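What follows is a short report on a single structure.
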Amino acid sequence: MIKYNLRCTKGHDFESWFSSGADYDRLEAGGLLSCAICGSANVSKAVMAPQVSTAETAPSLSGPASPAEQMLRDLRQRIEQNADNVGKNFATEARNIHQGTAPNRPIYGQANGRDARALLEDGVPVIPLPWDDKKQN
């Protein structure tokens with residue numbers, strides 16, 4: 001993979017990743033590149049400084065990038081191990097628990113903004129989690 005800084009004729013600077021330099025050349029020759037900002041098809045490489053790293057200094061892509069990311073991973077794991085995932089039934093289940101018609105237990109799931117706001121207005125204690133249900137890489 002190679003990252004290029006690109007610029008369109010309207011002066012927008014952006015970057016994009018390509019499988020190889022040859023792949024970039026093929027896409028450029030075929031007119032298949034466009035500006036990520038304005039959509040212009042007149043795109044070319046911008047001036048850029050090379051970035052060289054060695055195996056010893058390259059960061060691990062499998063581990064957390066920072067202590068904060070590690071704390072977030074630990075929090076997610078703790079919640080997923082100790083709470084029931086009720087999925088899209090979160091608003092209904094949270095309301096039922098609050099009203100005493102469902103067993104009191106920790107839950108997590110999905111709620112749209114309108115439902116979450118209604119829960120809060122009705123005194124149901126909920127908080128948004130700082131991740132979504134998409135599978136982590």
Side-chain angles (χ1 to χ4, degrees):
M1 294 292 288
I2 187 167
K3 179 177 75 171
Y4 285 129
N5 292 335
L6 303 175
R7 174 176 281 191
C8 78
T9 55
K10 294 182 181 178
H12 298 127
D13 292 319
F14 59 100
E15 58 187 38
S16 188
W17 287 89
F18 298 91
S19 322
S20 65
D23 190 36
Y24 168 85
D25 293 338
R26 181 183 56 78
L27 292 170
E28 182 184 40
L32 299 173
L33 299 177
S34 63
C35 176
I37 299 164
C38 70
S40 170
N42 296 318
V43 174
S44 61
K45 291 181 196 173
V47 176
M48 54 189 264
Q51 190 174 18
V52 179
S53 69
T54 64
E56 293 89 32
T57 60
S60 168
L61 297 178
S62 62
S66 68
E69 186 177 309
Q70 182 61 51
M71 288 173 59
L72 186 60
R73 284 184 182 186
D74 293 345
L75 174 64
R76 182 176 185 160
Q77 182 179 19
R78 204 166 46 238
I79 288 172
E80 289 176 346
Q81 288 175 347
N82 297 302
D84 293 333
N85 183 354
V86 294
K88 294 183 180 191
N89 295 326
F90 178 80
T92 301
E93 193 65 18
R95 189 173 303 284
N96 290 341
I97 290 170
H98 183 71
Q99 294 171 346
T101 59
N104 188 10
R105 67 197 191 285
I107 63 171
Y108 68 100
Q110 299 125 20
N112 62 39
R114 185 187 73 235
D115 290 341
R117 193 174 307 111
L119 288 170
L120 291 169
E121 289 170 355
D122 292 342
V124 180
V126 298
I127 60 168
L129 298 175
W131 60 79
D132 60 25
D133 273 350
K134 294 179 183 163
K135 186 175 179 178
Q136 285 183 318
N137 291 338

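The model shown is predicted, which means the values in this text are computed figures rather than measured ones. Only this structure's heavy atoms are used, side chains among them; waters, hydrogens and symmetry mates stay out.
Residues meeting the side chain to side chain contact (heavy atoms under 4.5 Å, CB included) test with His12, sequence neighbours left out: Cys8, Lys10, Cys35, Ile37, Cys38. Not counting sequence neighbours, Phe90 has no partner by the ring pair (Phe, Tyr, Trp, His ring centres under 6.0 Å) test.
Classification of Glu80 and Arg76 as a salt-bridged pair holds, one side-chain N sitting under 4.0 Å from a carboxylate O.
Minimum interatomic distance between Ser16 and Leu6 (heavy atoms only, all atoms of both residues): CB-CD1, 3.9 Å. What you find for Ser40 and Val43 is that their closest heavy atoms are O-CG2, 3.5 Å. Ala46 and Arg7 make their closest contact through CB-CB, 4.1 Å (heavy atoms, listed as atom of the first residue, atom of the second, distance). Of all the heavy atoms in Arg78 and Asn82, the pair that sits closest is O-ND2, 2.8 Å. The two residues Lys45 and Tyr24 come nearest to each other via the heavy atoms CE-CE2, 3.1 Å. Here the shortest heavy-atom pairing between Leu119 and Ala94 reads CD1-CB, 4.3 Å.
No path of Ile, Leu, Val, Met, Phe, Trp and Tyr side chains, each step under 4.5 Å between heavy atoms, connects Tyr108 with Met71, placing them in separate hydrophobic clusters. Linking Ile, Leu, Val, Met, Phe, Trp and Tyr residues whenever their side-chain heavy atoms come within less than 4.5 Å places Leu32 and Phe14 in a single cluster.
Arg26 CZ to Ser19 OG: the interatomic distance, rounded to the nearest 0.5 Å, is 7.5 Å. From Arg95, atom CZ reaches atom CG of Asp115 across 8.0 Å, with rounding to the nearest 0.5 Å. Rounding to the nearest 0.5 Å gives a distance of 6.0 Å between CD1 of Ile127 and CG of Leu129. Within the model, atoms CG of Asn104 and CD1 of Ile97 stand 6.5 Å from one another, a figure rounded to the nearest 0.5 Å. Rounding to the nearest 0.5 Å gives a distance of 11.0 Å between OH of Tyr4 and CG of Leu33.
Counting only distance, with no hydrogens or angles, the side chain of Asn89 and the backbone of Thr92 share no donor-acceptor pair below 3.5 Å. For the pair Asp122 (side chain) and Val124 (backbone), a donor-acceptor distance under 3.5 Å is absent.
Side-chain contact between Arg105 and Val86 is present, with at least one heavy-atom pair separated by less than 4.5 Å. Here the side chains of Asp13 and Asn5 are not in contact, with every heavy-atom distance at 4.5 Å or above.
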